[in-house]
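Only one structure is covered here, and it is reproduced in the block below.
Naming convention: chains lettered A, B, ... in sequence-line order (proteins, then strands); numbering from 1 in each chain.
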2 protein chains.
Amino acid sequence: MRRPTLRQLASELDLSITTVSRALAGYSDVAHDTRQRIHQAAKKAGYVPNSAGKSLVTGQTGFIGLLLPLSDRPQIDPFFSEFLAGLGEGLQARARDCFLATVGPAQSELEVLQHVVESGRADGMVLTRIGESDERVDYLNERGFPFITHGRTLNDAPSRCWVDTDGETAFATAFEELYSAGHRRFGLISIEEPMSFRHFRETGLMQAIQQRNDATVSLAIGRTPRFDPAARARAASTMLTSHTRPTAILALTDEIGLSILEQAAALRIDVPSELSVIGFDNLPASEWVRPTLTTFDQRVRETALELGHRLVDLIDGTSGSGQRPAQHLLDATLIRRGSHGPAPGVRHEYTTGN
Amino acid sequence: MRRPTLRQLASELDLSITTVSRALAGYSDVAHDTRQRIHQAAKKAGYVPNSAGKSLVTGQTGFIGLLLPLSDRPQIDPFFSEFLAGLGEGLQARARDCFLATVGPAQSELEVLQHVVESGRADGMVLTRIGESDERVDYLNERGFPFITHGRTLNDAPSRCWVDTDGETAFATAFEELYSAGHRRFGLISIEEPMSFRHFRETGLMQAIQQRNDATVSLAIGRTPRFDPAARARAASTMLTSHTRPTAILALTDEIGLSILEQAAALRIDVPSELSVIGFDNLPASEWVRPTLTTFDQRVRETALELGHRLVDLIDGTSGSGQRPAQHLLDATLIRRGSHGPAPGVRHEYTTGN
DNA sequence: AGCAGTATCCGAAACGTTTAGGAAGACTAA
DNA sequence: TTAGTCTTCCTAAACGTTTCGGATACTGCT
């Protein structure tokens, strides 16, 4: 039982293909009762336009591509399902579907991206995990292919579409929160990879420190490969056993934050009385651990929904009319939980050292 | 700058479209040096066949659809990214792409499924979250559309393709492990939804209990809606405060297991000395909590990879030659962690009651 | 020279849709 | 009556690909 086509419908109704097509598409040059007959027959036959045919003539596929690297590390992205849910919701509202361009371990993302773009499988692209500079962005820019990114590079033109979470403000806020609570010896455990979110979060912290202009504030920085749990634990442990252990540590991600909590427990350092930790991402696990992890929520779902809408605007050329700016920065909201608190009293400063 | 087409390539090379097409497709009726000229020109022009054109004539899209419900609950599926990674990897190896058919809150999955199938956007479908009986499965069966499921219904024909984790054996194993450790008063916190994995896990437990044929074994059963954290907590707390509190509780999922650990901590019931808990899923959080949660790992990624390969086999008709059976049951592996241990001594049985 | 066989290429149709550019008839206004 | 304007419908081309069924020229053989 093959799917009904326009031709079949037309011959059944003794009409031309054109008329059936135009009736279904809602054009006004079809008589009212003809239109009704057509709609009835279409519904009865279960007619759904063949997307390949349509795509061939319109040049649009109705697909949005999402570049998905399949590294061998276990978790792709902790909030990936959230992201997908938001994106899917946004795209569905605009009658598009999402397709996953998977990047195998042996391929480069750029390679896959080029193939997708050139084969015309997608009308637009969504890119995540943006680096401080990003060859994928450069390629699509040059190619003139519609795309949007979750995150920005360090040198985007003002017209380049992106949606990002304001990590800069978030980390400044975190610093202020902790500074006000009396903390002066700070730590930051960051990642080694030059992702742009690292840049912004770090910058936010640095600027906030500078702005305080308080010589008693110190900052120790540790780095770890992003996806190596053992290295993460080492970085945390190193900072926690240092001679001048910080009283407050900012973790670039929750995974790092959880690792710090774990090492602190192992070293019998009480959180939050002896040590404050603030993470970023609001992973599910950050609610399950004890103490619970204070962190920032990115509202990933919302972000991705926005991303979808904006990309379709871009493709349809709707964004030219200027209702929304091309770039959109969303606030991260601080989720105050159990892993931060007032700094330990100055008296204790030298007794807690290792 | 539009993408190069076969026609352009052909006229450039002073050849017919046919020849260029056949050379690129690897047919043998093209002279060696002609073939080389064509390949060179194609590479130079960056030619990639237009997928709509190809799809129109071959009737294949190269896409596999994955039905993705966008419920309003925050996390779609804890291991969703894992699943996607595996599926993507499998499909990529077979030169297919994965597309996401998102189901909005207002739509039914069946409705979306029908639309995808009838519009010819996909060559095959992957279904997850299978119910004990499932209208989506019925529809696709009847429609004769290629599909595979992660999970099985309670009445699948032997030829119906699926890959599933053996929850039956897993729960029997868990029971045996605990029984051998001296536990006799068991609890099970299950879900309310008639998902088929619930059926198999419960059945596995029941059968294991029956097989022991030990009158001193008791089983208390609690149920909670799958995605309601508050109800989950209530169910856990109810079982933990019952007059005859179990010494070992099996949680149908890790989310339930984590909730039990949380409630136990709140009630000052020590795990594992007073209570053993075993979950299922191996969520990331189960490693972060203290005590860590003993649970089963489903090897989601591996499962999904298998799923992808088998579906493509099915589509290509390769599975007819009978190298692999249509149905495949994978073992879940017990990850022994900190939340289970020997049963508390009989002496304590009546002192721990609430 | 005549013939079969082979290597190499091509014309044309087909897939299902959209849409530009009419055409035919009915109505309106003078 | 006649020209003009709507309303309603249709013909035909186009999108880019694959593939069936030849066509042509060359080879080797008798």
Could you check A:Leu6 against B:Val30 and say which one's nearest nucleotide on DNA chain C is further toward the 5' end?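 It is B:Val30, whose closest nucleotide lies nearer the 5' terminus.
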Starting from [atom2] on [N], measure out to [atom1] on [X] and report it in whole angstrom.
X	N	atom1	atom2	result
A:Gln36	D:dT8	CD	P	13 Å
B:Gln60	C:dG16	CD	P	14 Å
B:Lys54	C:dG16	NZ	P	18 Å
B:Asn50	C:dG16	CG	P	17 Å
B:Leu13	C:dC9	CG	P	11 Å
A:Leu9	D:dC10	CG	C1'	17 Å
B:Asp14	C:dT8	CG	C1'	16 Å
A:Leu15	D:dC10	CG	C1'	10 Å

Describe the nucleic acid contact of A:Ser51 in one word from base, sugar-phosphate, nothing, applying a heavy-atom distance below 4.0 Å.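 A:Ser51: no heavy atom of the nucleic acid under 4.0 Å.
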Which residues share a ring-ring contact (aromatic ring centres under 6.0 Å, His included) with B:Phe83, sequence neighbours left out: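 B:Phe83 satisfies ring-ring contact (aromatic ring centres under 6.0 Å, His included) with B:His150 only.
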Would you mind telling me which of [options] lies closest to the side-chain atoms of [X]?
X	options	answer
B:Arg7	C:dT17, D:dC10, D:dC15	D:dC15
B:Leu56	D:dG16, D:dT18, D:dT8	D:dG16
B:Thr5	D:dC9, D:dT17, C:dC9	D:dT17

Strand-adjacent residues in residues 16-24 of chain A, judged by heavy atoms under 4.0 Å from DNA chain C: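 Nucleic-acid contacts, sorted: A:Ile17, A:Thr18, A:Ser21, A:Arg22.
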I want to check one thing: is the phosphate of D:dT19, taken as OP1 and OP2, less than 4.0 Å away from some side-chain N or O of B:Tyr27?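 Indeed, a polar side-chain atom of B:Tyr27 lies that close.
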Contact under 4.0 Å: B:Ser55 side-chain N or O vs C:dC15 OP1/OP2: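 So the side chain of B:Ser55 is outside the cut-off, no N or O lying under 4.0 Å from OP1 or OP2 of C:dC15.
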Please list, one pair per line, the donor and acceptor atoms closer than 3.5 Å that link side chains of residues 57-65 of chain A to other protein atoms, with sequence neighbours excluded.
{"residue": "A:Thr58", "atom": "OG1", "partner": "A:Lys54", "partner atom": "O", "Å": "2.9"}
{"residue": "A:Thr58", "atom": "OG1", "partner": "A:Gln60", "partner atom": "N", "Å": "3.2"}
{"residue": "A:Thr58", "atom": "OG1", "partner": "A:Gln60", "partner atom": "O", "Å": "3.4"}
{"residue": "A:Thr61", "atom": "OG1", "partner": "A:Phe63", "partner atom": "N", "Å": "3.0"}
{"residue": "A:Thr61", "atom": "OG1", "partner": "A:Arg121", "partner atom": "O", "Å": "3.3"}
{"residue": "A:Thr61", "atom": "OG1", "partner": "A:Asp123", "partner atom": "OD1", "Å": "3.0"}

In Å and rounded to the nearest 0.5 Å, what is the CG to CG distance from B:Leu9 to B:Leu15?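 The CG atom of B:Leu9 sits 9.0 Å away from the CG atom of B:Leu15.
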Taking C-beta and beyond as the side chain, do B:Tyr47 and B:Val20 meet within less than 4.5 Å on heavy atoms?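 A side-chain contact is absent here, since even the closest heavy-atom pair is not under 4.5 Å.
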Terminal axes of the helix from C:dA1-D:dT30 to C:dA30-D:dT1 (five pairs each): angle between them, nearest 10 degrees: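 Overall, the helix from C:dA1-D:dT30 to C:dA30-D:dT1 bends by 60° from one end axis to the other.
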Please list, for nucleotides 22-25 of chain D, all pairs of protein and nucleotide N/O atoms separated by less than 3.5 Å.
none

Sequence neighbours left out, what passes salt bridge (charged side-chain N to carboxylate O under 4.0 Å, His left out) with A:Glu135? Give chain and number order.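 Result, salt bridge (charged side-chain N to carboxylate O under 4.0 Å, His left out) vs A:Glu135: none returned.
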For [X], give me all partners under side-chain hydrogen bond (donor to acceptor under 3.5 Å, both in side chains), at least two apart in sequence or on another chain.
X	value
B:Ser51	none
B:Gln92	A:Gln107
A:Glu302	A:Arg299

Applying side-chain contact (heavy atoms from CB on, under 4.5 Å), can you list everything that pairs with B:Arg35, at least two apart in sequence or on another chain?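 B:Arg35 satisfies side-chain contact (heavy atoms from CB on, under 4.5 Å) with B:Val30, B:His39 only.
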Under the side-chain contact (heavy atoms from CB on, under 4.5 Å) rule, collect the residues that match up with B:Leu67, sequence neighbours excluded.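 By the side-chain contact (heavy atoms from CB on, under 4.5 Å) rule, B:Leu67 matches B:Ala101, B:Val103, B:Glu109, B:Val112, B:Leu113, B:Leu127, B:Arg136.
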Which residue pairs pass the side chain to side chain donor-acceptor pair (under 3.5 Å) test when at least one of the two sits in residues 17-34 of chain B, sequence neighbours left out?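 Qualifying pairs: B:Ser16-B:Thr19, B:Arg22-B:Asp29.
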Charged N-O contact under 4.0 Å between B:Asp316 and B:Arg96: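 Salt bridge present between B:Asp316 and B:Arg96.
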